[in-house]
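Let me begin by presenting the structure, written as structure tokens, before commenting on it.
Index from 1, following the sequence.
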Amino acid sequence: MGKRALVVGLGIAGMSAAIGLRRAGWTPVIVERAAARRTGGYFIGVLPLGRQAADDLGIDIHVRNPEGRAWAIDRRGERAPGLGFLDQPGRPAAVVRGDIEAALWERLDAEVRFATTPVAFAETGAGVEVTLAGPATRTETFDLVVGADGMRSTVRQLVFGPHERFLTNWDAMICAFPLERQVPGFGPEDSVTSARAGRAAWVFGFTDRPPTALLTYRTKHRIFPADHAAHLRDVFAGMDDVAVRHVLDSLESAPDHLFDSVHQVRMRRWSSGRVLLLGDAAWCLNLYSGMGATAGLYGGVELGRALGEHPGDLGASLAAWEGRLRPLITRHQRVTRLKQQLFVPSGVVAEGVRSALLRTAGRSRRRRALAAVS
């Protein structure tokens, strides 16, 4: 009988890991807390490393790179050409999270158990005994456990310790959701940004579907109110431009949205014995990084590759896997502090510096574009 691996979490990292495990000759079993696979989702950018990882996994990501322009709205409510998320180095591809997960789901060859979560782990000479709670509580033995269950990982909490030990506090909140239609007065594929000291609204346009929105703000007090829309109206009071109004009004009727605090996960090791953490559970770069999906895809590819290279030595496989990923993750964790200033400046001075930098970069880009066609 082949080696069995339990993968906890049916997101991008979990399904990528399961595909990688299957390629290495393992039999993956996925458990997911939710009762069904989640669909839809908000805008994400996939960098070239993520596109290559998707190719390696055998999935075709539906890229939705828009042809529209990027606009910035200033304090007077006036628009000017700006730089959008897709203008950063590496030129990421515009993707909806649900499209990546749907592509992985189609490629997946694994047993999936919904409404199931691990509640206890015990490592023995034969493997890891895992007690799974769900429609029927039972204990099974696996040769490897992969925790890919998000920033507040159950696997990490049970095996490595409480969340507070690993979650770094970024004093910020986010709310992401799909819009029914574009901000009035802008093209359907345009991207629009309204950023002030401590608060920002982003709208990401697409080629063939309505935009998605991101509201983010800095705060020392992480509040999770019952009425997110009302709370965000209070937070963004005074920002009365067309983009902020439209996004706040749209949240009232949005069928689904993500509202959460911002953190990074910092760990000295991503594995303990036969238990491995992957994706946000291990390193959570956070939404400002723009690298979450890319890192999740790449982590799954590299896990399968490492296991295939060291088929009889799990310790060597996990050490090789972490050795390849650690420099990449560390570099992007560090640069994300700078990216946070671009998403939501920390103060008036940072707002001014941000605006000046983006104006300069925008002028340089336009000069290069004109030179290319002259």
Side-chain angles (χ1 to χ4, degrees), residues 42-45 70-88 168-179 182-186 190-205 211-254 257-264 285-290 336-359 361-362:
Y42 48 86
F43 164 94
I44 56 175
W71 298 93
I73 299 179
D74 64 21
R75 285 179 170 268
R76 298 183 299 274
E78 298 176 357
R79 74 179 71 183
L83 289 179
F85 180 88
L86 300 179
D87 294 313
Q88 66 176 291
T168 61
N169 183 16
W170 281 50
D171 295 329
M173 305 289 291
I174 56 169
C175 181
F177 57 98
L179 299 173
Q182 179 60 282
V183 179
F186 291 87
D190 289 349
S191 294
V192 187
T193 306
S194 177
R196 305 290 176 268
R199 301 174 293 175
W202 289 69
V203 174
F204 304 99
T212 70
L214 169 69
L215 293 168
T216 180
Y217 62 97
R218 294 176 183 256
T219 177
K220 294 289 185 181
H221 308 289
R222 296 189 299 277
I223 299 174
F224 294 86
D227 189 337
H228 296 159
H231 174 72
L232 287 166
R233 287 191 183 279
D234 290 339
V235 169
F236 283 83
M239 286 184 68
D240 194 35
D241 60 67
V242 63
V244 173
R245 287 197 306 271
H246 179 72
V247 171
L248 289 172
D249 289 344
S250 298
L251 179 57
E252 300 279 359
S253 58
H257 66 274
L258 167 71
F259 182 88
D260 205 353
S261 51
V262 180
H263 305 272
Q264 274 187 351
L285 294 161
N286 81 36
L287 186 144
Y288 299 134
S289 75
T336 298
R337 282 291 184 185
L338 174 60
K339 289 186 175 182
Q340 184 186 24
Q341 290 287 1
L342 296 176
F343 267 96
V344 53
S346 56
V348 175
V349 173
E351 179 187 339
V353 172
R354 173 189 180 278
S355 297
L357 287 173
L358 292 182
R359 282 196 301 271

### Message
With rounding to the nearest 0.5 angstrom, report the CE to CG distance, Met239 to Leu248.
### Response
9.0 Å

### Query
Relative to the ring of Trp202, is the ring of Phe343 parallel (under 30°), tilted (30 to 60°) or perpendicular (over 60°)?
tilted

### Reported CZ-to-OG1 distance for the pair Arg337 and Thr168, which is rounded to 0.5 angstrom
6.5 Å

## Note on the structure
Applying side-chain hydrogen bond (donor to acceptor under 3.5 Å, both in side chains) to Glu351 and not counting sequence neighbours gives Arg75

#### Entry: Derivation and outcome, side chain to side chain contact (heavy atoms under 4.5 Å, CB included), residues Ile73 and Val244
CA-CA 10 Å; Ile73 299 179; Val244 173; over 6 Å; no

### Query
If you take all heavy atoms of Pro211 and Gly205, which pair is closest and at what distance?
CB-CA, 4.2 Å

### Query
Quick one: CG on Leu179 to OG on Ser253, what's the gap to the nearest 0.5 Å?
9.0 Å

### Minimal non-hydrogen separation, Gly198 against Val344, with atom names
C-CG2, 3.4 Å

### Message
Quick one, Trp71 and Pro81 - any side-chain contact, counting heavy atoms below 4.5 Å?
### Response
yes

#### Entry: Residue pair Pro345 / Ala350: nearest heavy atoms and the distance that separates them
CB-C, 3.8 Å

### Message
Using only atom types and a distance under 3.5 Å, with no angle test, would you say the side chain of Gln264 pairs donor to acceptor with the backbone of Asn286?
### Response
no

### Summary
For Gly347 and Ala197, the nearest pair of non-hydrogen atoms, with its separation, is C-CB, 3.4 Å

### Query
So do Phe186 and Val203 actually touch side chain to side chain, heavy atoms under 4.5 Å?
no

### From Thr216 atom OG1 to Met173 atom CE, the distance as rounded to the nearest 0.5 Å
9.5 Å

### Query
What pairs with Ser289 under side-chain hydrogen bond (donor to acceptor under 3.5 Å, both in side chains), at least two apart in sequence or on another chain?
none

### Message
If the condition is side-chain hydrogen bond (donor to acceptor under 3.5 Å, both in side chains), which residues does His246 pass it with, not counting sequence neighbours?
### Response
none

### Task
Heavy atoms only: give me the nearest Phe259-Ile223 pair and the separation to one decimal.
CE2-O, 3.5 Å

### Message
I'd like to check Leu287 versus Leu214 (side-chain heavy atoms, cut-off strictly below 4.5 Å). Are they in contact?
### Response
yes

#### Entry: With sequence neighbours excluded, residues passing side-chain hydrogen bond (donor to acceptor under 3.5 Å, both in side chains) with Asp171
Asn169, Lys220

### With sequence neighbours excluded, residues passing ring-ring contact (aromatic ring centres under 6.0 Å, His included) with Phe43
Phe85, Phe204, Phe206

### Query
Yes or no on side chain to side chain contact (heavy atoms under 4.5 Å, CB included) for Cys175 and His228, after CA distance, side-chain angles and deciding distance?
CA-CA 9 Å; Cys175 181; His228 296 159; 5.6 Å; no

### Query
Out of curiosity, Leu342 CG to Arg354 CZ, how far, rounded to the nearest 0.5 Å?
6.5 Å

### Query
What pairs meet the salt bridge (charged side-chain N to carboxylate O under 4.0 Å, His left out) rule with one or both residues in residues 223-238, with sequence neighbours excluded?
Arg233-Asp249, Arg233-Glu252

### Message
Tell me if a side-chain donor or acceptor on Gln182 pairs with a main-chain N or O of Asp190 at a distance below 3.5 Å.
### Response
yes

#### Entry: Chi angles and distances behind the side chain to side chain contact (heavy atoms under 4.5 Å, CB included) call for Val247, Phe236
CA-CA 11 Å; Val247 171; Phe236 283 83; over 6 Å; no

### Query
Run the side chain to side chain contact (heavy atoms under 4.5 Å, CB included) check on Asp241 and Arg196 step by step: do they pass?
CA-CA 12 Å; Asp241 60 67; Arg196 305 290 176 268; 3.9 Å; yes

## Note on the structure
Rounding to 0.5 Å, atoms CG (Leu232) and CZ (Arg199) come to a distance of 11.5 Å

### Query
What heavy-atom pair brings Arg218 and Ser346 nearest, and what distance separates the two atoms?
NE-CA, 3.3 Å

### Query
For Trp170, is the NZ or CZ atom of Arg222 found under 6.0 angstrom from the centre of its six-membered ring and inside 45 degrees of the ring axis?
no

